[in-house]
Amino acid sequence: MSSRIRVRFAPSPTGLLHIGGLRTALYNYLFAKKEGGTFVLRIEDTDQKRYVKDAEDDILQSLTWAGIVPDEGPGNPGEYGPYRQSERKERYLKYAEQLVDAGYAYYAFDTPEEIEHMKEHLRTPENPTPKYEIQSRMTMRNSLTLSDEEISRLLSEKKEYVIRLKIPDGERIHFEDAVRGPVSFESEMLDDQVLIKADGMPTYHLANVVDDHEMKISHVIRGEEWLSSAPKHILLYTYFGWDAPEMAHLPLIMSPSGGKLSKRKAEKEGIPINTKDYREQFYEPEALVNFLALLGWSPGDDRELLSMKEMVESFSLDRIGKSGAIFDHAKLLWFNEHYIRAKSDAELAKELQAYVKEVGIPHKQDDNDGLGDGSAEPDAGEGNISWPSLTEEQKKIFTDTKYMETVVRLLKERVSRLPDFLDSGSFFFEAPAEYDAKAVKKGWKEATPSLLQAYTSQLDIVEEEEFKAPLLKTRLKEVIEKENVGMGKLMMPVRIAVTGLGSGPDLFESMELLGKEEVLRRIHTAIEKLSGS
RNA sequence: GCCGCGUUCGUCUAGGGGUCUAGGACGCCGCCCUUUCACGGCGGUAGCACGGGUUCGAAUCCCGUACGCGGUACCA
């Protein structure tokens with residue numbers, strides 16, 4: 001006999017899965033796994049107006065990518081299906097009518113205009129949002145005010161109607177929230193929530209309660225935006241005579257500028273909001289998951305880098321924080337760097353190849369710096385790129401696994417995200433088109449060309465097979481000794497010539513990888529281009 | 001407006017009456033390593049929102065204020 005713990009992630013397919021949703025799913029998942037329970041995915045597609053066709057696919061793909069795989073869901077039904085609310089439509093009406101019969105709900109025939117008129121009438125500065133409730137409902141056209149004949153006539157004429165919950169008067173509704181402790185609401189503050197909409201579909205509130213009950217959900221773990229409607233749900237459980245599940249309302253993920261991290265806000269602040277964005281930009285899923293887990297939860301000790309397994313082992317609802325957590329992209333990048341470095345060169349090379357195949361290579365137009373104060377901005381570099389197709393030559397390079405693995409090995413310690421390999425290692429894939437102005441100014445002097453000549457004449461006589469890092473270094477040392485200059489005097493110009501940049505991975509290893517012919521060509525090109533001007 | 005929830009370094013957090021001159025991490029700064037940069041190592045910067053209580057003692061408990069956030073739909 002397995003555990004009775006059952007949790008669900010119940011997104012509505014109105015768009016791509018955003019990271020807040022992903023975190024909610026994650027917490028549900030961690031709790032389920034920790035308790036040996038079941039993690040259910042339920043699609044809450046009761047709003048036909050906002051339905052987005054591909055959203056469900058995206059949700060599942062994103063969850064899978066993150067390693068948060070549902071035990072039950074539309075794709076892998078358990079014994080409580082179907083798992084899409086649109087496919088469970090009939091049962092909600094039945095339950096709602098049951099409530100009507102018991103006197104806990106009623107039919108309402110008001111048109112939207114009539115409701116708006118009522119609210120308009122009641123609206124004052126002190127009460128900007130009038131409700132459909134104990135007072136106002138008696139002025140409306142519903143089964144509380146209409147005669148029985150009138151009601152059955154309207155019903156039989158198939159007039160549009162909704163079913164509303166009859167909120168009781170003067171009750172205080174208490175419940176215990178697993179993360180917040182005791183919470184209570186005055187019933188006066190609730191309005192007569194619509195349970196069944198005019199189109200026959202249930203609202204979230206009804207569907208949610210019915211499904212959680214029918215699917216034997218033991219713990220409802222969801223975002224704090226639901227806290228205010230929890231009393232309505234509690235009321236529904238009571239009226240149905242069901243035990244309410246445990247509730248846990250998660251703190252919201254906030255934007256750096258304050259407020260809920262909405263799509264709009266995130267975009268404005270340069271934060272990828274959809275899980276799909278992270279997939280497409282090849283973030284390490286472990287990094288996102290680790291980061292998200294710690295945004296509002298902590299294992300109770302000083303560990304920060306946790307595998308899914310470790311998170312499962314340490315997870316508990318009472319270690320979830322109560323206040324909103326600001327999304328810190330810089331910290332996410334730190335996690336990402338960590339997980340990149342934890343991967344093998346072969347693994348990374350493969351991913352990089354996949355990335356290029358899918359996306360292409362970025363071509364920087366201008367404003368190419370890589371030096372200077374760039375390190376201050378974690379997100380620098382985006383915006384000025386285009387994605388042209390690869391040349392034959394580049395295809396050859398990118399399919400050369402050995403080559404790619406070396407690139408990865410040389411660059412791994414200096415990238416934050418997978419695409420950065422292409423950015424900071426662009427010279428591995430094409431000769432520098434321009435030279436970093438700062439570096440040139442600092443390291444390219446009058447005497448440079450002759451020094452470079454001296455070095456290249458040494459390199460000229462190196463056999464191709466001998467063109468290895470240690471030898472290249474030795475040759476360079478010999479030249480500077482002979483010319484009686486410091487190492488930087490030669491190394492910097494060589495770096496500029498070969499990479500176009502003032503800094504980067506080990507120069508000699510980079511040269512070895514590029515090969516004799518290419519290196520010599522680049523040095524000669526640089527002398528031509530930089531010495532004239 | 002009303003209702004609800006919250007408030008520890010810039011950010012994520014530990015801490016739940018004495019062990020707190022508040023710990024860790026990211027970021028930032030400095031030093032070391034490296035004749036580049038990065039990684040790494042070491043060090044530093046910075047915080048209990050405010051005001052009242054309770055107590056021998058409060059970041060921790062209570063009240064109030066301020067501020068923030070959420071909700072206030074035939075959206076979820």
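Below, chains carry the letters A, B, ... as their sequence lines are ordered, and counting in each starts from 1. This structure is a prediction, so every number in the text was calculated from the model and none was measured.
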- Below 4.5 Å, heavy atoms only, C-beta onward: do L146(A) and F109(A) meet side chain to side chain? yes
- Task: Could you please name the partner base of rG17(B), counting Watson-Crick and G-U wobble pairs only when both distances are under 3.5 Å?
- Result: none
- Message: Using the C1' atom as the point on both nucleotides, what is the distance between rC63(B) and rC56(B), in whole Å?
- Response: 22 Å
- Item | Among E224(A), R222(A), K322(A), side chain to side chain donor-acceptor pair (under 3.5 Å) partner for H249(A) | R222(A)
- Given rU36(B), rA73(B), rC12(B), the nucleotide with the shortest approach to the side chain of D191(A): rA73(B)
- Item | Sub-4.5 Å side-chain heavy-atom contact between T111(A) and E114(A) | yes
- Task: May I ask you to say what A198(A) touches in the nucleic acid, namely base, sugar-phosphate or nothing, with a heavy-atom cut-off under 4.0 Å?
- Result: base
- Message: With rounding to the closest Å, how many angstrom separate the C1' atoms on rG16(B) and rA76(B)?
- Response: 36 Å
- With a 4.0 Å cut-off, would you call K119(A) and E116(A) a salt bridge? no
- Query: Whom does rG40(B) pair with, Watson-Crick or G-U wobble, provided both distances fall under 3.5 Å?
  - Reply: rC32(B)
- Message: Would R91(A) and Y95(A) count as a cation-pi pair here, with the cationic atom under 6.0 angstrom from the ring centre and within 45° of the axis?
- Response: no
- Check RNA chain B against residues 295-305 of chain A and give the residues with a non-hydrogen atom under 4.0 Å, in numerical order. L295(A), G296(A), S298(A), D302(A), E304(A)
- Item | Nucleotide opposite rA66(B) in a Watson-Crick or G-U pair, distances under 3.5 Å | rU7(B)
Using atom names, set out every protein N or O paired with an N or O of nucleotides 1-9 of chain B below 3.5 Å, distance rounded to 0.1 Å.
from, atom 1, to, atom 2, distance (Å)
rG1(B), O2', E126(A), O, 2.6
rG1(B), N2, T129(A), OG1, 3.3
rC5(B), O2', R180(A), NH1, 2.5

Every protein N/O within reach of nucleotides 42-46 of chain B N/O, cut-off under 3.5 Å:
none

- Determine the interplanar angle of the H233(A) and Y204(A) rings, folded into 0 to 90°, and report it as parallel if under 30°, tilted if 30 to 60°, perpendicular if over 60°. tilted
- Query: How would you list all residue pairs meeting salt bridge (Lys or Arg N to Asp or Glu O under 4.0 Å) that involve residues 501-511 of chain A, not counting sequence neighbours?
  - Reply: R409(A)-E509(A)
- Sugar-phosphate only, base, or nothing, as touched by K260(A) at under 4.0 Å among non-hydrogen atoms: sugar-phosphate
- May I ask you to test the L17(A)-F9(A) pair for a side-chain heavy-atom distance under 4.5 Å? yes
- Can you tell me if NZ on K265(A) sees more than 12 non-hydrogen neighbours from other groups inside 6.0 Å? yes
- Task: Give, ordered by number, those residues of residues 40-54 of chain A having at least one heavy-atom distance below 4.0 Å to an atom of RNA chain B; if nothing qualifies, reply none.
- Result: E44(A), T46(A), D47(A), K49(A), R50(A)
- Using salt bridge (Lys or Arg N to Asp or Glu O under 4.0 Å) as the criterion, point out the one residue from E284(A), E405(A), E337(A) that pairs with K343(A). E284(A)
- Query: Is the NZ or CZ atom of R475(A) positioned over Y455(A)'s six-membered ring, under 6.0 angstrom from the centre and within 45° of the axis?
  - Reply: no
- Keeping to residues at least two apart or across chains, list the salt bridge (Lys or Arg N to Asp or Glu O under 4.0 Å) pairs with something in residues 479-494 of chain A. none
- Inspect the contact between D211(A) and R88(A) and indicate whether a charged nitrogen and a carboxylate oxygen are less than 4.0 angstrom apart. yes
- Message: Between rG15(B) and rC20(B), how many Å separate the two P atoms, rounded to a whole number?
- Response: 15 Å
- Per atom distances to the R341(A) side chain, the nearest of rA14(B), rC75(B), rC39(B) is rC39(B)
- Output the single nucleotide from rC74(B), rA76(B), rU36(B) whose closest atom is nearest the side chain of R495(A). rU36(B)
- Any side-chain heavy-atom pair from L60(A) and P70(A) closer than 4.5 angstrom? yes
- Task: Determine the contact category for G259(A): base if any of its heavy atoms lies under 4.0 Å from a base atom, sugar-phosphate if only primed atoms, P, OP1 or OP2 are that close, otherwise nothing.
- Result: sugar-phosphate
